[in-house]
Every structure is written in structure tokens, then in C-alpha cells.
Amino acid sequence: MAWLEYLLPLIFLAPLGAAALVAITLRDLQNVGLRSPHDGKPIREIAQLHRDRLERARVAFFLDAALAPTLTLMPLVYGMGRMLFADEQSWLEWSLYGAFSTLLAMLFGFLILRDVQRVRRLTRSLASELAIGQALDHLIRPVAKPFFVFHDFPADSYSIDNVLVTPQGVFVIQTMARDFPLDLEGNPNQVVAVESERLRFPDGSQRSMLRKVRMATVWLRQWLTRHTQLNVPVKGVLVLPGWTIDDETQHLGSDREVQVIDGADLAAQLSIDGNEVIDDEQRQRLVELLDRRQQQYQRKAAAR
């Protein structure tokens, strides 16, 4: 029967299929997913959203790297099986198997390259967010100066890296990681110029991050006003760790919509040692409201 010539070669694909099944089964080894031994809820840490994205990127990289050789060889192995059972040899058919295998190799090569770049980018982003998050935690001195930090605070359809509540106001703090381009001598060029609407890096300009911080600042200000009936100052801050900031908007002072800093000395750069504009009662209301929203979203995430 002619159809057996196409069915019997599938036997040779069984080992490759088993290898692919093992790789898919082991993908969860790349996912840490720490949970509390007491209540089974996920353990939340600084920059947890960045950690989750990095874990998902590593899982995707593991799957692509593990499945690439297996799936790429399948057309060739099936073709060799066809050669054993076919009565007549068709070079057109063999060339199609070879072309299909080549296309799969090119596809997985592209996917693996994309995954590597994504893992590197997310690793830099996580390192920057951890550095700023730890620096903010060092500012918390409950006795002398009651500061409160909320990491990965949920907004409407996105998250804010850090929300800092101080007697001087509320700060929306977003962190951005970016590679340093090299100059002609091979040295990193670490100077970024800050304008009102864009950041001028040595290798190009960017507007989206300033817009994101500005949007988050406006949203948090309106949300706090709507739920507390308090008109508290909410300031947007963009942190570029490791960069030298050439702030062309510095003459605007406190009128700047977004302040761009390098995060080397957060206390001084945020001017949190100035005059207090939020009293203890107002600060307590703000903290309780922010904490309630964060706990609510964390419970929803744990229930998924």
C-alpha cells in the first residue's frame, strides 16, 4: 500500500519526539516561583515583576535552545526513512526535506538570538531596579523620618517601579537600563542630555520613557486626590543608573514634570531633607491607601 511508504518512516521520529517531550517537561526547572511554606502564597521581593519577566524569558530561551536541534533534524530523519521504504527515489522530494530543515534552522537561530538579547536586556533592567530599590529601602528610617516605599505598585494597566512617600511629597520613581555606546576609541560614552520631551543618548534619542513617567505621575496624583481628597505633591523621577546626566531643564527647578537623575545619592537628588508639606495624619492616610491597593492586586495575582 502506497500510504505505508509515508506512515512507516514516522517510526524514526519517535526518539526525536521523546527528546522534545522531555525538553517541554523540564521547562519548569527554569521557573523559580518561590512560595511561602506557611500559606502557599508567592513570595514578593524587590523588582518582582522584573524577576518574573526574566524567568519567562529564560524559559523561552531554554525551550528554543532545547527544541532547535530536535525539530530541525525531524525533516531529514523522516526523509531518510522515506528513502528506505520508497520504491522510487524523488530528488525533488528530498530537496524539499532539506529546504524545510534549513528553514527550521534559520527560524530557531533567529529565535535563540532574540531570546539571548531579551535575557541580557532584562538582566540589566533587573540589576538597575534592584540597585534603586535597595537604595530606597535604605532611606526608610521609621523613627527619625518615616519614609515608605512601595515596589511594583499597580496602576491601571501597568506597574510603577517604586512609589516613595516622604514628608516632602510622593515620588513616582521609574528605572531605565541602557547599554553605554562606545566612542571611536572604544571607551563607553555615558553622557545623556535631558530635554523637556526627550532624552538624547549618544546613539539616538528616546521619548517614550519620559512619557511613561509623566503618565504614571499624573495618574497617581489624580488617583490619590480622588480617594483621599488631599492635594499632595506627586513628582516624577526617572533614574538612569551609571549615566552622567546633562540636565538642560535644570533651570526650571521644581516646575519640571520629570526629574532625571543617576541615582548615586538618592536622598540628595530627591531633596527629601527639605521642608515638610505632608503631616503625619495625611501621610498615614496615603500609606494605608497605597498599601491596600497593592495588597489587593497581590491577592489577585496569587489567586491566578
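The figures that follow rest on heavy atoms only: side chains count, while hydrogens, waters and symmetry mates do not.
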*Asks:* Going through the checks in order, is the side-chain contact (heavy atoms from CB on, under 4.5 Å) test met by Val194 and Ile245?
*Replies:* CA-CA 7 Å; Val194 179; Ile245 309 299; 3.7 Å; yes
*Asks:* For the backbone of Arg226 and the side chain of Gln229, can you confirm whether one donor and one acceptor N or O come within less than 3.5 Å of each other?
*Replies:*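 Flag set: sc Gln229 to bb Arg226 pair under 3.5 Å.
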*Asks:* Do other residues, nucleotides or ligands put more than 12 heavy atoms under 6.0 Å from Glu281 CD?
*Replies:*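 No, the 6.0 Å shell around CD holds no more than 12 heavy atoms from other groups.
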*Asks:* Distance-only, no hydrogens or angles: does the Ser101 side chain make a donor-acceptor pair with backbone N or O of Thr72 under 3.5 Å?
*Replies:*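 Pair found, side chain donor or acceptor close to backbone of Thr72.
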*Asks:* What's the separation between atom CD1 in Ile160 and atom CZ in Phe171, rounded to the nearest 0.5 Å?
*Replies:*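 Nearest 0.5 Å value for the CD1-CZ distance: 14.0 Å.
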*Asks:* I'd like to know if the side chain of Arg198 reaches the main chain of Gln206, judged simply by a donor and an acceptor atom lying under 3.5 Å from each other, with no hydrogens or angles considered.
*Replies:*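 Such a contact is absent between Arg198 side chain and Gln206 backbone.
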*Asks:* Keeping the roles fixed (side chain from Ser95, backbone from Leu92), state whether a donor-acceptor pair exists under 3.5 Å.
*Replies:*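 Here the side-chain-to-backbone pair exists.
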*Asks:* Mind checking the CD-CG spacing from Gln284 to Leu286? Nearest 0.5 Å is all I need.
*Replies:*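 Spacing of CD (Gln284) from CG (Leu286) equals 9.5 Å.
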*Asks:* Between Tyr78 and Phe12, does the ring centre distance come in under 6.0 Å?
*Replies:*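 Centroid distance Tyr78-Phe12: not below 6.0 Å, so no.
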*Asks:* So, Gln294 side chain and His151 main chain: donor-acceptor pair closer than 3.5 Å or not?
*Replies:*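 Yes; judged by distance alone, with no hydrogens or angles, the pair exists.
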*Asks:* Does CD belonging to Gln250 count more than 12 external heavy atoms closer than 6.0 Å?
*Replies:*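 No, because the 6.0 Å sphere around CD of Gln250 holds 12 heavy atoms or fewer from other groups.
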*Asks:* Take atom CZ in Arg200; do more than 12 heavy atoms of anything else shown fall under 6.0 Å from it?
*Replies:*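 It does: Arg200 CZ has more than 12 such atoms within range.
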*Asks:* I need the full list of side chain to side chain donor-acceptor pair (under 3.5 Å) pairs touching residues 172-182, with sequence neighbours left out, sorted by first then second residue.
*Replies:*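 Qualifying pairs: Arg124-Asp179, Glu129-Thr175, Arg178-Asp203.
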*Asks:* Please check: side-chain N/O of Arg285 versus main-chain N/O of Thr228, any donor-acceptor pairing under 3.5 Å?
*Replies:*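 Pair found, side chain donor or acceptor close to backbone of Thr228.
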*Asks:* Who passes ring pair (Phe, Tyr, Trp, His ring centres under 6.0 Å) against Phe150, sequence neighbours left out?
*Replies:*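 For Phe150 there are no ring pair (Phe, Tyr, Trp, His ring centres under 6.0 Å) partners, ignoring immediate neighbours.
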*Asks:* Closer than 3.5 angstrom, by distance alone: can the side chain of Glu197 be matched with the main-chain N or O of Arg207 as a donor-acceptor pair?
*Replies:*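 No, Glu197 side chain to Arg207 backbone: no donor-acceptor pair under 3.5 Å.
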*Asks:* Roughly how far, to the nearest 0.5 Å, is CZ of Arg56 from CZ of Arg53?
*Replies:*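 Here the rounded value is 7.0 Å.
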*Asks:* Holding to side-chain contact (heavy atoms from CB on, under 4.5 Å), I want the full list of residues that pass it with Arg293, two or more places apart in sequence or in another chain.
*Replies:*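 For Arg293 the side-chain contact (heavy atoms from CB on, under 4.5 Å) partners, ignoring immediate neighbours, are Phe153, Pro154, Asp156, Trp219, Trp223, Tyr297.
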*Asks:* If you count heavy atoms of other groups shown closer than 6.0 angstrom to CZ of Phe180, is the number above 12?
*Replies:*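 Yes - once you tally the heavy atoms of other residues, nucleotides and ligands closer than 6.0 Å, there are more than 12.
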*Asks:* Any side-chain heavy atom of Ile173 within less than 4.5 Å of one from Asp161?
*Replies:*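 They are not in side-chain contact.
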*Asks:* Supply the atom-to-atom distance Phe62 CZ to Asp115 CG, rounded to the nearest 0.5 angstrom.
*Replies:*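 Those atoms lie 12.5 Å apart.
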*Asks:* Please step through side-chain contact (heavy atoms from CB on, under 4.5 Å) for the pair Val258 and Val237, ending with a clear verdict.
*Replies:* CA-CA 5 Å; Val258 178; Val237 179; over 6 Å; no
